[in-house]
Amino acid sequence: MPNAKARRHPEQGERTIWDVFEEERASFIPYAGRFDGYHCIPASVSKTCTVRFDNNKYSVLSSAVGRPVEIHAYADRIVIRQDGAVIGEHARSFGRNEVVYDPWHYVPVLARKPDGLRNGAPFREWVLPSAMEKVRRKLGAADDGDRQMVSILTCVLTDGLSAVESACQEALEHGVCSAAVILNILARSRDPAPGTILSIPQALKLAHEPVADCACYDSLRRTNSHGTHRGTGTDGTLKLYGMRSAYDEIMGASPSSDGTSRPGLSVISCRPRYRRSRPAPSNTSSPSPSCRWPRTSTTSTSPTRRSTNP
């Protein structure tokens, strides 16, 4: 800078280079950050969740299968995007016919095929964090160890790797190695902290705090003529109402000690008003198949009412 302030401008000899620079500073474009230079080409995702670029294959998320993607090739890495979202990022490989896997891309597939955790190509050299690796080895001896480990790995997609690692470490400290325990620890960590207790103003505080007294419910039980509560026996044990007693109580007529109803609303009879015809008995002793029983008369004569007038 000292040379720029002292040297003359080659085209404007009466001015220095620094004076011309200060005059043009207001017209400069502001710095927007590092230039994002990459080579972009379209590609398609295969059924094995991979895309091909420069004779090599790179894995992407399993949800991107069957849809077009864009490969952004940088000098040191490969970034695969779909609808603007990054679905895969790997260090660029300069070999030939190599396959670069990211095991986390295939975790949703393990929910349907848990056996792939042992035999799948993306998981052969997979190095997990220390606590999760210990859990994986202990679950390997169980019959459903692969399925339990897959359920633990699935939680990484929602809770994060650090949260699952902490849950596995806590389970190991308690000497328990089970997917149910680890999922329970994660569920407890998701619960929000209890809210702060609000201070109640003095004007809103009760002068007489309510006291729980279950004995007050005994006063709601009625007493009968024997001096005991209704619904209890002579020894004070609780008994259930019969259907007739409950019905009479609802209709306003409570049963007395002799079994008759006390004055109140009349009890409605629920008996049917019609009389069913008696089925004809079978006559097995009669040799004639055309024998019929005589019909009964359906007409009934009602008795004549007598006049009560004197």
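FYI, the numbering just counts along the sequence from 1.
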State, with a plain yes or no, whether a side-chain heavy atom of [X] is found less than 4.5 Å away from one of [Y].
{"X": "V156", "Y": "E165", "value": "no"}
{"X": "R92", "Y": "D76", "value": "no"}
{"X": "I152", "Y": "L139", "value": "yes"}

Test: ring-ring contact (aromatic ring centres under 6.0 Å, His included). Region: [range]. Which pairs qualify, not counting sequence neighbours?
{"range": "residues 107-139", "value": "W104-W126, F123-W126"}
{"range": "residues 181-210", "value": "none"}
{"range": "residues 136-176", "value": "none"}

Where do [X] and [Y] come nearest, in terms of heavy atoms and distance?
{"X": "S44", "Y": "V51", "result": "O-CG1, 3.7 Å"}
{"X": "S62", "Y": "C49", "result": "CA-SG, 3.7 Å"}
{"X": "A171", "Y": "I185", "result": "N-CD1, 4.0 Å"}

Problem set entry | Residue list, side chain to side chain donor-acceptor pair (under 3.5 Å) with Q12, at least two apart or on another chain | R15
Problem set entry | Residues which pass side chain to side chain donor-acceptor pair (under 3.5 Å) with S63, listed by chain and number, not counting sequence neighbours | none
Seminar exercise, completed: So CG of D54 and CD1 of I78: to nearest 0.5 Å the spacing works out to 8.0 Å
Seminar exercise, completed: In short, salt bridge (Lys or Arg N to Asp or Glu O under 4.0 Å) pairs touching residues 106-131 with sequence neighbours left out are R118-D146
For this session: Verify whether one side chain among D36 and Y74 offers a donor that lies under 3.5 Å from an acceptor in the other.
Result: yes
